[in-house]
Amino acid sequence: FPVTIHQPWSAIGTIVSGQGTSTLNVDWSGETSGYIPGAVQVTAYNAVGCSSLPSAFDITIFNVVPTITPMGPYCSYDGCEPLAATPQGGTFYINGNSVSDFCPQTNSSVDSVIYLYTQSGCTFDDTTTFVVNPQPSILSISPENAFLELCEGDTSSMTYVITSTLPGTVDWTFGNTQATGGPQQTFPLSGFGIFTVTAMVTTAEGCSSPIVTTTMTIQECGIYRDWE
């Protein structure tokens, strides 16, 4: 006898379409992962209404939730760091390229890190981004290679000013004197000789500029000295 199907399907998941036909579509997204015996059952009816014995189908739902391990924040000059995720065994991608490390010197905050994990033919994914903060740079320091004559017993001071690409705290040195402040710093002058002056900017995110250096030459008035 020809077999026809008349609303015979039952499923633990949500039936999306196909009820009353030979093909059924079921949404399993709301179900707990694992082995489900008798998850789908069907009964066939012939043209005169006689039914078959019910057939049951067992299924296994794989519902893996990969999680990329958070890293950073970084400064743009930091070195590469290995990527990690759970469960292990998947593949990382950045800008379509398979990678194993995140490299702040070549990657940025806008680069999505994608992790693909495959189990039993099912692919699961997680996507994230890591913060990469820019490195500041000191554009100028003034005065540069200053020269001053002082007489014995005189007191004086010198104010230095920097301009930088980003705001931040400035670490200064003048000879053996250290100071922390803003882009302008005044140092009292005493003694004679050539003094090294340095400045370095550190942003609120903890990224530091390269150190810039200049000199200050203080010579005793009326006396010629070759500091070379």
With a 4.5 Å cut-off on side-chain heavy atoms, are Val64 and Pro87 touching? yes

Spacing of CG belonging to Asn107 relative to OG belonging to Ser76, to within rounding of 0.5 Å: 12.0 Å

Between Phe57 and Gln41, does a side-chain contact (heavy atoms from CB on, under 4.5 Å) hold up when you go through it step by step? CA-CA 6 Å; Phe57 302 91; Gln41 296 188 18; over 6 Å; no

Minimal non-hydrogen separation, Val26 against Ala11, with atom names: CG2-CB, 4.2 Å

Consider only side-chain heavy atoms of I, L, V, M, F, W and Y, link residues closer than 4.5 Å, and tell whether Val161 and Leu139 are in one cluster. no

Where is the tightest heavy-atom contact between Thr163 and Ser140, given as atom of each residue plus distance? OG1-OG, 2.7 Å

Whether the side chain of Thr129 engages the backbone of Asp111 through a donor-acceptor N/O pair (distance < 3.5 Å, no angle test) should be reported. no

Common cluster, Ile162/Leu166, ILVMFWY with side-chain heavy-atom separation under 4.5 Å: no

Quick one: closest heavy-atom pair of Ile141 and Glu144, and the distance? O-CB, 3.9 Å

Return all side-chain donor-acceptor pairs below 3.5 angstrom for residues 118-125, not counting sequence neighbours, or 'none' if the list is empty.
{"unit_1": "Thr118", "atom_1": "OG1", "unit_2": "Thr123", "atom_2": "OG1", "d": "3.2"}

Which residues share a side chain to side chain donor-acceptor pair (under 3.5 Å) with Asn25, sequence neighbours left out: Ser17

Write down the atom of Pro82, the atom of Asp101, and the distance for their closest heavy-atom approach. CA-OD1, 3.1 Å

Please give me the minimum heavy-atom distance between Gly18 and Leu24, naming the atom from each residue. C-CD1, 3.8 Å

Please round to the nearest 0.5 Å and tell me the distance separating atom CE of Met158 and atom CE of Met216. 3.5 Å

Do the side chain of Asp78 and the main chain of Pro104 share a donor and acceptor less than 3.5 angstrom apart? no

Distance check, rounded to the nearest 0.5 Å: Gln135 atom CD versus Glu205 atom CD? 13.0 Å

Would you mind reporting whether Ile59 and Ile61 have side-chain heavy atoms less than 4.5 Å apart? yes

Between CD on residue Gln88 and OH on residue Tyr117, distance to nearest 0.5 Å: 9.5 Å

Members sharing Ile211's hydrophobic cluster (side chains within less than 4.5 Å): Met200

Taking the side chain as everything from C-beta on, heavy atoms only, tell me whether Phe102 gets closer than 4.5 Å to Val132. yes

Would you say Asp27's side chain and Ser29's backbone share a donor-acceptor pair under 3.5 angstrom? yes

Test side-chain contact (heavy atoms from CB on, under 4.5 Å) on Ile114 and Ile94; report intermediate values, then the result. CA-CA 7 Å; Ile114 301 173; Ile94 299 178; over 6 Å; no

Are any of the side-chain heavy atoms of Thr169 and Val201 separated by less than 4.5 Å? no

Are any of the side-chain heavy atoms of Glu220 and Glu149 separated by less than 4.5 Å? no

Quick one: ring pair (Phe, Tyr, Trp, His ring centres under 6.0 Å) pairs with a partner in residues 77-100, sequence neighbours left out? Phe92-Tyr115

Nearest heavy-atom pair of Val170 and Ala199: which atoms, and what distance? CG1-CB, 4.1 Å

Only counting residues at least two apart or in another chain, list the ones meeting side chain to side chain donor-acceptor pair (under 3.5 Å) with Thr202. Ser208

Side-chain polar contacts of residues 176-198 - donor-acceptor pairs under 3.5 angstrom, sequence neighbours left out - could you list them?
{"unit_1": "Thr180", "atom_1": "OG1", "unit_2": "Asp171", "atom_2": "OD1", "d": "3.0"}
{"unit_1": "Thr186", "atom_1": "OG1", "unit_2": "Thr159", "atom_2": "OG1", "d": "2.7"}
{"unit_1": "Thr198", "atom_1": "OG1", "unit_2": "Thr173", "atom_2": "OG1", "d": "2.4"}

No-hydrogen, no-angle side-chain donor-acceptor test under 3.5 Å, Tyr74 and Asn133: no

Mark yes or no for whether Thr91, through its side chain, and Leu116, through its backbone, hold a donor-acceptor pair below 3.5 Å. no

Rounded to the nearest 0.5 Å, what separates atom CG in Asp58 from atom CD1 in Ile36? 9.5 Å

Whether Thr203 side chain and Gly168 backbone form a donor-acceptor pair below 3.5 Å: no

Nearest 0.5 Å, what's the CD-CE distance between Glu81 and Met71? 4.5 Å

Does any non-hydrogen side-chain atom of Leu148 lie less than 4.5 Å from one of Thr217? no

Is there a donor-acceptor pair closer than 3.5 Å between any side-chain N or O of Thr215 and the backbone N or O of Asn145? no

